[in-house]
Amino acid sequence: HQLPPTISATRSCFSAMAEMQDSHNEMELYSPNPEVRGMTCLNRDAFDKTIHVPVIKIKKEIINRLMKSLKHRLIQRPSLKRVIEDPKDDVNKLVLLDPYKVKSIDSFDESDHVLFKQFDVNPQVSQYELQLTYENFKCEEILRAVLPKGQDVTSGFSRVGHIAHMNLRDHQLPYKNVIGQVILDKNPGITSVVNKTNTIDSTYRNFQMEVLAGEENMITKVKENYVTYEFDFSKVYWNPRLGTEHNRIIGFLKARDVLFDVFAGVGPFAVPAAKKNCTVYANDLNPESYKWLLHNCKLNKVEKRVQAFNTDGRDFIKTTIKKELLKYADMPSAEEKPSLHIAMNLPALAVEFLDAFKNLLEEEPCNSFILPTIHCYSFSKDDDPLQDVKARAESFLGTTLEDCSMHLVRNVAPNKEMVCISFKLPSSVLFQRLSDTGEPESKRPRTAEAFPLPHVQQSRNS
Ligand SMILES: C[S@@+](CC[C@H](N)C(=O)[O-])C[C@H]1O[C@@H](n2cnc3c(N)ncnc32)[C@H](O)[C@@H]1O
């Protein structure tokens with residue numbers, strides 16, 4: 001097409017620009033100076049770098065109207081102003097363009113030229129000497145430049161309130177303080193960066209951690225499914241990836257149902273269940289979890305509906321759950337019967353606690369007895385994790401589960417899945433059977449009844 005005369009006249013300027021840009025190695029334009037490689041203590045000044053970028057002058061009074069249309073041609077760098085004052089020019093401002101997108105006048109398309117004509121812009125391109133600083137580099141660019149070439153640069157972290165929680169690999173450890181500081185600098189709202197230092201799970205499932213950068217304070221506040229929790233992240237278990245799973249279980253509950261949470265942590269099942277008007281019995285062995293569980297019940301104004309316990313899960317099953325199951329045994333009418341649910345989220349061990357339900361109650365069930373539904377979590381490294389967890393649950397219950405629902409919660413590590421098995425506790429497990437002589441028939445073979453539960457097979461949360 002025929003270009004307007006003013007634009008044709010500036011074509012040579014664009015070509016000159018293109019040549020200038022071609023002489024740059026594109027990959028290197030935005031990469032930090034090579035001197036930063038191997039830095040183990042962050043020196044932000046070492047990132048200062050001068051590059052040349054295309055720039056056009058646009059009259060101050062029309063600049064705002066043009067910016068939207070030019071959006072895709074503007075330079076994109078963190079914390080970089082794209083429109084700058086020219087101290088020698090009262091009439092125009094300089095607009096910084098993306099050197100990868102504007103190489104010559106041909107980089108502008110017909111609609112740009114129409115726009116320039118409409119606003120009487122002479123798109124004369126000149127080169128501008130731009131001083132890049134540490135602020136103008138992205139987190140990944142900085143870490144890639146600092147860590148040894150060819151090594152994996154993971155800048156990923158889990159966010160728990162103001163804390164960025166990392167799990168650095170051995171080769172990253174010499175650079176841990178730089179990594180921590182860069183994560184802190186580049187992520188608004190993060191004021192502390194920690195690295196997990198233990199590889200073996202502790203009893204309370206909290207992490208041993210080292211502060212890499214920022215504040216030492218580990219008391220943090222998070223929101224999950226619109227519920228607020230506070231806790232000391234260094235002393236209790238919290239996993240920001242379980243929100244969907246917590247919500248899934250809460251979805252099974254309705255007002256006036258009862259939830260027993262054997263391994264309750266700081267309350268991510270207990271508090272939302274109580275908010276749904278359920279009666280909750282929540283337990284955790286860790287005194288710190290128990291403390292923050294109580295705190296979170298108050299924080300969310302549900303303390304009247306939650307009874308908290310600080311004991312071993314087996315003891316909780318054999319005392320509190322046993323006592324409360326009997327209480328719900330004789331409910332007058334079918335409509336008034338709540339459903340009873342038992343959450344057991346301690347995936348490394350929970351199935352092993354299932355045998356605590358064997359022969360828990362002495363009497364034969366009356367007709368109206370409400371059998372609880374158990375939601376028990378487990379890890380599995382088996383090729384068939386669902387079958388593996390089912391088989392292990394059955395072996396601890398001492399019965400086959402004819403009808404249960406299996407849910408693949410998440411992939412925890414390569415070849416390690418977290419699974420939830422839900423089933424109605426068979427009465428044959430819960431009640432001691434008496435023989436004709438009145439003795440418990442503990443060795444009698446058992447089979448489970450059918451438990452109508454929604455089947456969610458192989459669905460997975462992230
Ligand atoms: C994986 S966390 C789950 C916490 C919470 N339910 C959740 O979903 O986030 C397991 C919890 O079980 C607690 N715990 C570990 N061993 C226990 C035991 N023998 N009895 C009771 N609680 C235990 C830990 O302190 C931890 O808070």
Side-chain angles (χ1 to χ4, degrees), residues 158 160-161 165 196 198 200-208 218 220 222-225 227-253 259-275 278 280-297 300 306-321 341-357 374-380 389 396 407 409-410 412-413 416-422 461:
S158 303
V160 180
H165 171 232
K196 179 176 172 179
N198 65 333
I200 302 159
D201 281 348
S202 68
T203 307
Y204 300 150
R205 267 61 196 170
N206 57 323
F207 300 114
Q208 300 296 309
M218 291 292 115
T220 195
V222 301
K223 246 191 182 175
E224 183 182 272
N225 302 320
V227 180
T228 305
Y229 302 90
E230 283 175 348
F231 49 84
D232 184 335
F233 186 52
S234 65
K235 294 185 177 151
V236 303
Y237 175 88
W238 182 265
N239 186 339
R241 295 193 183 92
L242 287 181
T244 311
E245 180 56 17
H246 293 146
N247 209 26
R248 188 181 73 90
I249 297 298
I250 298 304
F252 293 133
L253 307 176
L259 174 70
F260 300 96
D261 192 352
V262 185
F263 310 106
V266 299
F269 288 125
V271 176
K275 283 188 87 152
C278 296
V280 180
Y281 302 87
N283 172 66
D284 202 285
L285 184 62
N286 179 357
E288 280 289 322
S289 297
Y290 170 73
K291 177 181 117 182
W292 289 103
L293 169 67
L294 291 173
H295 174 87
N296 289 323
C297 290
N300 290 283
V306 181
Q307 276 191 55
F309 301 83
N310 178 209
T311 185
D312 179 72
R314 190 170 287 278
D315 174 54
F316 178 68
I317 294 168
K318 292 194 166 186
T319 55
T320 306
I321 295 188
H341 291 261
I342 302 176
M344 297 176 70
N345 183 15
L346 177 60
L349 285 176
V351 280
E352 296 177 23
F353 284 70
L354 288 174
D355 66 356
F357 291 101
I374 296 184
H375 308 278
C376 182
Y377 292 83
S378 181
F379 295 130
S380 176
V389 172
F396 280 96
H407 178 74
V409 179
R410 67 185 205 97
V412 183
K416 188 174 175 184
E417 302 288 340
M418 178 176 169
V419 173
C420 178
I421 179 169
S422 297
N461 307 327

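These numbers come from the heavy atoms of this one structure, side chains and all, not from hydrogens, waters or symmetry mates. Along the sequence shown, residues are numbered consecutively beginning with 1. Atoms within a ligand are numbered from 1 in the order they appear, just like the ligands themselves.
- Looking at T320 and N283, their side chains never come closer than 4.5 Å, going by heavy atoms from C-beta outward.
- Residues forming a ring-ring contact (aromatic ring centres under 6.0 Å, His included) with H165 (at least two apart in sequence, or on another chain): F207, F233.
- For H341 and F269, the distance between ring centers is not under 6.0 angstrom.
- Looking at heavy atoms from C-beta onward, P287 lies in side-chain contact with Y204 at the 4.5 angstrom threshold.
- Judged as a ring-ring contact (aromatic ring centres under 6.0 Å, His included), and not counting sequence neighbours, the contacts of F263 are F353.
- Residues passing the side chain to side chain donor-acceptor pair (under 3.5 Å) test with Y290: none are found, sequence neighbours excluded.
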Would you mind writing out a table of all protein N or O atoms found under 3.5 Å from any N or O atom of ligand 1, naming both atoms and giving the distance to 0.1 Å?
from	atom 1	to	atom 2	distance (Å)
ligand 1	6 (N)	F263	O	2.8
ligand 1	8 (O)	H246	NE2	2.7
ligand 1	8 (O)	N345	ND2	2.8
ligand 1	19 (N)	D312	OD1	2.8
ligand 1	20 (N)	G313	N	2.8
ligand 1	22 (N)	L285	N	3.2
ligand 1	25 (O)	D284	OD1	2.7
ligand 1	27 (O)	D284	OD1	3.4
ligand 1	27 (O)	D284	OD2	2.6

